[in-house]
Amino acid sequence: MRNLTSRKHPGTFIDIITKINQTITGWINYYGIGRMKTFISQTQQWLNYRLRQMILKRWKKPRTRYQMLRKFGIDHDDAMKLANSRKGYWRLSCSEILHQAITKERLTKWGLKDMSQLYESRYLRD
C-alpha cells in the first residue's frame, strides 16, 4: 500500500485508486476471517491521509493549491494559509482545512472503496 500511494508514483489518480481498490479487496478477502475491524479503521484513516498528501503534492504551486481549495469550498483566508504554508506534505495532509476540502465522502465519490464497509458486507452479516 505504501508503494501505491508514494508521492512520486506516476499515473493518473484514477489508475492509482483502481490499484488501491484491488489491493483492499484482496486483503479483505484473504485476511477477513480474522478479527480486524480496528486494523481496517486505522488503515483506512492512514490511507486517506496518504491520498490527501499525494493530491497536495500534485498541486505543486501555491496558486494551484489556492484555486483548488477555493473550488472545494474553503474560504479565502484558510485557502491562503494552507496554499502558502511551508510545512511538509504529510503535516498539511493532517490539517483540518484539507480535511474540509477533501472529505472522506469526496474520496469515495472519486472511486475509493470504503474498507470498513467492504469488510462489514463480506464478514459481519447477521
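It should be emphasised that the depicted structure is a prediction, and the values quoted were computed from it without experimental measurement.
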Quick one: list whatever passes side-chain contact (heavy atoms from CB on, under 4.5 Å) with S95, sequence neighbours left out.
-> L82, I97, L98

How many angstroms lie between atom [atom1] of [X] and atom [atom2] of [Y], to the nearest 0.5 angstrom?
{"X": "L51", "Y": "R106", "atom1": "CG", "atom2": "CZ", "result": "14.0 Å"}
{"X": "C94", "Y": "K87", "atom1": "SG", "atom2": "NZ", "result": "13.0 Å"}
{"X": "I40", "Y": "E120", "atom1": "CD1", "atom2": "CD", "result": "8.5 Å"}
{"X": "Q44", "Y": "L107", "atom1": "CD", "atom2": "CG", "result": "8.5 Å"}
{"X": "N21", "Y": "I24", "atom1": "CG", "atom2": "CD1", "result": "5.5 Å"}
{"X": "E96", "Y": "I74", "atom1": "CD", "atom2": "CD1", "result": "9.5 Å"}

Heavy-atom nearest pair, I16 first then P10, reads CD1-O, 4.1 Å

Positive for side chain to side chain contact (heavy atoms under 4.5 Å, CB included) with Y89, one of M54, R50, Q53 | Q53

side-chain contact (heavy atoms from CB on, under 4.5 Å) between Q67 and K71, worked out = CA-CA 6 Å; Q67 290 172 347; K71 179 181 171 184; over 6 Å; no

Do the ring planes of Y49 and H99 sit parallel (below 30°), tilted (30 to 60°) or perpendicular (above 60°)?
-> perpendicular

The remaining residues in the hydrophobic cluster of Y66, counting side-chain heavy-atom contacts under 4.5 Å among Ile, Leu, Val, Met, Phe, Trp and Tyr, are M80

Is S85 reaching over with its side chain to a backbone N or O of K81, donor-acceptor style, under 3.5 angstrom?
-> no

Is there a donor-acceptor pair closer than 3.5 Å between any side-chain N or O of S6 and the backbone N or O of N3?
-> no

Residue set satisfying side-chain hydrogen bond (donor to acceptor under 3.5 Å, both in side chains) with D78, at least two apart, ordered chain then number -> none

Check side-chain hydrogen bond (donor to acceptor under 3.5 Å, both in side chains) between T12 and all other residues, then give those that pass, not counting sequence neighbours.
-> D15

Carefully, step by step, assess Q100 and F72 under the rule side-chain contact (heavy atoms from CB on, under 4.5 Å).
-> CA-CA 8 Å; Q100 291 172 359; F72 293 137; over 6 Å; no

Those residues that, when tested against K57, pass salt bridge (charged side-chain N to carboxylate O under 4.0 Å, His left out) (two or more places apart) = none

Take T64 and R58, measure what side-chain contact (heavy atoms from CB on, under 4.5 Å) needs, and give me the verdict at the end.
-> CA-CA 9 Å; T64 307; R58 290 177 180 215; over 6 Å; no

Connected via hydrophobic side-chain network under 4.5 Å: F39 and Y30 | yes

Using the side-chain contact (heavy atoms from CB on, under 4.5 Å) rule, take M1 and W27 through it: C-alpha gap first, then chi angles, then the decisive distance, then the call.
-> CA-CA 11 Å; M1 196 63 91; W27 276 3; 3.8 Å; yes

Do R52 and S93 have side-chain N/O donor and acceptor atoms under 3.5 Å apart?
-> no

Using a 3.5 Å cut-off and no angle test, enumerate the donor-acceptor pairs between side-chain atoms of residues 109-116 and protein atoms at least two apart in sequence or in another chain.
from, atom 1, to, atom 2, distance (Å)
D114, OD1, S116, OG, 3.4

L92 vs R65 side-chain heavy atoms within contact, under 4.5 Å | yes

